[in-house]
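Structure, as structure tokens:
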Amino acid sequence: IFFVSNSKMFLVLSDVNLILKNITFKNAHDDMGGAIYSVDGCDIVDCTFINCSATEGGAVYNGRMYGCKFINCSAVEGGAIYSGTGYDCTFINCSAAKGGAIYFYGIFGIYNSCFENCHANDTAGAIHDVVGANEINNCTFTDCTAAEYAGAVYNGQAINSTFVNCTSGNGYAVKECSLFNCTFIDCTAGYTTALEVRLTKDDIAVNENTTINFVTVRQDDDSILNVIDGTVTVDVDGTVYTTDIVGGYGSYTLSNLSPS
């Protein structure tokens, strides 16, 4: 099914079970959810959204997406999605002021998905998480950018994800994120580091030692993986520590930490 429209195509009210499958939406536009607005969240399976736009959620406002593709979607918040859960989705050339592809407001998540060339005019080239509790698992971010902060992700919990050539104007490929087993390749910033590591009082116990490990690599055009040496600065509550990266590896142990 192929829909072309200059207005919203589906308004899904509460207590309605709806599955949308194998539909292409093109040029849909509205204030909240350019193509789809769902009160309780509907299932959207193997659908494609092209050139959809809105103020919140260029393509979808609240939904559960499976195997969907979003191309050239735009909004003020959430270029493709404003709140919702996604599995095996692809986001290409999506843009917004905040959250070039996704703007999370509430507890949702995104899994096994790819983000390419997504951009934010302000913060979070790919994902902006308001509550900071959404899981971003096994995702790849390539060439995502932000004019201000967080070329790829602002807030949230990134797990087993890869960031390639993600940049921002004033700092960080990711900002204020929890990171677990993530890889950063060629991520840069305007005048500061590509990555900010932040420990909160929930991450540590009194007098506990915490070791932060750093691995730096560069992916060249000929696909040869080279290491980058340098210095990493760690800021803990205003106290600055530095450690050297040698051979692409480095670590720093913070001792006698207190969560107070």
Are Tyr154 and Glu176 packed together at the side-chain level, in the sense that at least one heavy-atom pair is separated by less than 4.5 angstrom? yes

Is the shortest side-chain heavy-atom distance between Ile110 and Phe91 below 4.5 Å? yes

Between the side chain of Asn117 and the main-chain N/O of Ile92, is any donor-acceptor distance below 3.5 Å? no

When you compare the side chain of Met65 with that of Phe70, does any pair of heavy atoms fall below 4.5 Å? yes

Where Ala54 and Gly33 come nearest, the two heavy atoms and their spacing: CB-N, 3.9 Å

Is there a side-chain contact between Phe141 and Val153 in this structure, where contact means two heavy atoms from C-beta onward sitting under 4.5 Å apart? yes

Note: Ala101 and Cys94 closest approach over all heavy atoms is CA-CB, 4.2 Å

Atom pair CD/CZ of Glu135 and Phe180 - distance to nearest 0.5 Å: 9.5 Å

Does the side chain of Leu20 reach to within under 4.5 Å of the side chain of Ile36, using non-hydrogen atoms? yes

Could you pull out the closest heavy-atom pair between Cys144 and Ala152, with the gap in Å? CB-CA, 4.3 Å

Looking at Asn134 and Phe104, what are the two nearest heavy atoms and their distance? ND2-CB, 3.3 Å

Do you know which of Thr90, Ile136, Ile102, Thr140 makes side-chain contact (heavy atoms from CB on, under 4.5 Å) with Phe115? Ile102

Can you tell if the side chain of Thr142 reaches within under 4.5 Å of the side chain of Asn165, non-hydrogen atoms only? no

So, is the end of the Lys175 side chain (NZ or CZ) under 6.0 Å from the ring centre of Tyr149 and within 45° of the ring's axis? yes

Scan for side chain to side chain donor-acceptor pair (under 3.5 Å) pairs involving residues 99-115, sequence neighbours excluded, and state none if there are none. Asn112-Asn138

Taking Thr145's backbone N and O only, do any of them form a donor-acceptor pair with His119's side chain (distance below 3.5 Å, no angle check)? yes

Can you list every side chain to side chain donor-acceptor pair (under 3.5 Å) pair that touches residues 42-60, not counting sequence neighbours? His29-Ser53, Asp31-Thr55, Asp43-Arg64

Cys166 and Ala173 have their tightest heavy-atom pair at O-CB, 3.7 Å

A side-chain contact here means heavy atoms from C-beta on lying under 4.5 Å apart; do Val174 and Phe184 qualify? yes

Just by distance, do the side chain of Asn62 and the backbone of Val39 share a donor-acceptor pair under 3.5 Å? yes

